[in-house]
Amino acid sequence: MISVRCRRAGRDWVNVANLLQHLSQNSTSQLQIADEFRNCPQILTMDNLAEAMYTKACIQESYRLSPTTFAIARVIEDTSVSLSGYNLRAGTFVLCHTMIACHSEENFRYANHFLPERWITAGKDNSRFKKQEYGQGFPLRPS
């Protein structure tokens, strides 16, 4: 259990370092984050953080550009499904290579650019399901 917690803590620091790297190269995003927090009280609350949509988008975009795991593994559980014309039976092991998927122009326009706006575009279904590092389904690794 301790080793899992240490790995998770290390991964969190890598995520912060990746986010800071992406922000250091994008002064426009820095200014937008500063604007989001300009009128906040000195001590931030969870409500302040919940309203920081651009900051959340920057974090999500940083995860997309610099995934902390090489793949997301899932098992199709209850019933068979059809994905991209392939019929997958219940019990099928599915693996998504995150670096390839997240840097593919088929999945993301301007895939190699830091564009947090892609996560907050109104009216588009480019939501949280495009990439969920620790998202839907039962994970096959401790995290």
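Side chains included, hydrogens not; waters and symmetry mates left out as well; all remaining heavy atoms used.
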>> Is it the case that over 12 heavy atoms from other parts of the model lie below 6.0 angstrom from the CD atom of E106?
In response: no
>> Give me the atom names and distance for the closest heavy-atom approach of I72 to T98.
In response: CG1-CG2, 3.5 Å
> According to a 4.5 Å side-chain heavy-atom criterion applied to Ile, Leu, Val, Met, Phe, Trp and Tyr, with indirect links allowed, do L65 and L115 form part of one hydrophobic cluster?
Replying inline: no
>> Testing the 3.5 Å rule here: is there a donor-acceptor pair between the side chains of E117 and Y54?
In response: yes
> Is any side-chain heavy atom of P41 closer than 4.5 Å to a side-chain heavy atom of N48?
Replying inline: yes
>> Restricting to non-hydrogen atoms, name the atom on F114 and the atom on S29 that form the minimum distance, rounded to 0.1 Å.
In response: CE2-OG, 3.6 Å
>> As a quick check of understanding, evaluate side-chain contact (heavy atoms from CB on, under 4.5 Å) for L49 and E51, giving each step before the final call.
In response: CA-CA 5 Å; L49 295 175; E51 294 171 5; over 6 Å; no
> So, for A90 and S80, which heavy atoms are closest and what is the spacing to 0.1 Å?
Replying inline: N-OG, 3.5 Å
>> Surrounding NE2 of H97 (heavy atoms of other residues, nucleotides or ligands, distance under 6.0 Å), is the total greater than 12?
In response: yes
>> Test your reading of the model: is there a side-chain donor-acceptor pair from R118 to the backbone of A111, 3.5 Å cut-off?
In response: no
> What pair of heavy atoms forms the shortest contact from F108 to C102, and how long is it?
Replying inline: CD1-O, 3.7 Å
>> Using 0.5 Å steps for rounding, measure from the CG atom of L83 to the CD1 atom of I76.
In response: 6.0 Å
>> Consider side chain to side chain donor-acceptor pair (under 3.5 Å). Of E36, Q32, Q60, which one does T55 pass it with?
In response: E36
> For M99, does the CE atom have more than 12 heavy-atom neighbours from other residues, nucleotides or ligands under 6.0 Å away?
Replying inline: yes
> Looking only at heavy atoms, what is the nearest atom pair of A50 and M53, with distance?
Replying inline: O-SD, 3.8 Å
> What do the steps show when you test F37 against L44 for side-chain contact (heavy atoms from CB on, under 4.5 Å), and what is the final call?
Replying inline: CA-CA 9 Å; F37 290 99; L44 292 175; 4.0 Å; yes
> Quick one: does N107's side chain have a donor or acceptor within less than 3.5 Å of a partner on S104's backbone?
Replying inline: no
>> Distance check, rounded to the nearest 0.5 Å: C58 atom SG versus L19 atom CG?
In response: 7.0 Å
> From H103 NE2 over to R64 CZ, what is the distance, rounded to the nearest 0.5 angstrom?
Replying inline: 6.0 Å
>> Once rounded to the nearest 0.5 Å, what's the spacing between atom CG of L20 and atom OG of S24?
In response: 7.5 Å
> What distance separates I120 CD1 from E61 CD, expressed to the nearest 0.5 Å?
Replying inline: 10.5 Å
> Going by atom types alone, do S66 and H22 pair a side-chain donor with an acceptor below 3.5 Å?
Replying inline: yes
>> What I'd like to find out is whether the side chain of V94 reaches to under 4.5 Å of the side chain of V75, using heavy atoms alone.
In response: no
>> Distance check, rounded to the nearest 0.5 Å: Y63 atom OH versus W119 atom CH2?
In response: 12.5 Å
